[in-house]
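Written out below as structure tokens is the structure these notes cover.
Just so you know, these numbers use all the heavy atoms, side chains as well, and skip hydrogens, waters and symmetry mates.
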Amino acid sequence: MADALERRAAERGVSLDVHVVDLASLEVVELDPADLADLDARSAEWRRTGEGAPLEEVVEWMRSWGGTAELPAPRVRRLWKRSFLRARS
């Protein structure tokens, strides 16, 4: 954990102390029950279909936002087969 905090502070160009204070000052947000129900429904749909976009592609896309070479949104596709989920349960 300490290594990860130090690494992230260095990436941000701030001291570890400043980084930890910034993290501690983050506002805690309560989720509305309707939002939680929506997340549950989306999660169930993902487990049923196995469709989505790989995290790495989503992160790359989001990092391009606001730049001169903004990338198109990642293509949604089947990421795993239903048998994979059963094997992991």
Approximate separation, where rounding is to 0.5 Å, of D32 CG and D38 CG: 10.5 Å
More than 12 heavy atoms of other groups within 6.0 Å of E57 CD: yes
Path from L26 to M1 over hydrophobic side-chain contacts below 4.5 Å: yes
Between NE2 on residue H19 and CD on residue E11, distance to nearest 0.5 Å: 8.5 Å
Pairwise ring pair (Phe, Tyr, Trp, His ring centres under 6.0 Å) hits with a residue in residues 53-72, at least two apart: W61-W65
Between CG on residue D35 and CD on residue E30, distance to nearest 0.5 Å: 12.0 Å
Check: E56 and P74 side chains under 4.5 Å, non-hydrogen atoms: no
Residue list, side-chain hydrogen bond (donor to acceptor under 3.5 Å, both in side chains) with D22, at least two apart or on another chain: R12
R75 and E51 ion-paired at < 4.0 Å: no
Closest approach of A53 to V58 (non-hydrogen atoms, all atoms of both residues): CB-CG2, 3.9 Å
V14-L23 co-clustered via ILVMFWY side chain contacts under 4.5 Å: no
Step-by-step side-chain contact (heavy atoms from CB on, under 4.5 Å) determination, V59 to L55: CA-CA 6 Å; V59 169; L55 176 61; 3.8 Å; yes
Donor-acceptor under 3.5 Å (R8 side chain, E6 main chain): no
Salt bridge flag under 4.0 Å for residues R48 and E45: yes
Short N-O contact, R7 and D3, less than 4.0 angstrom: no
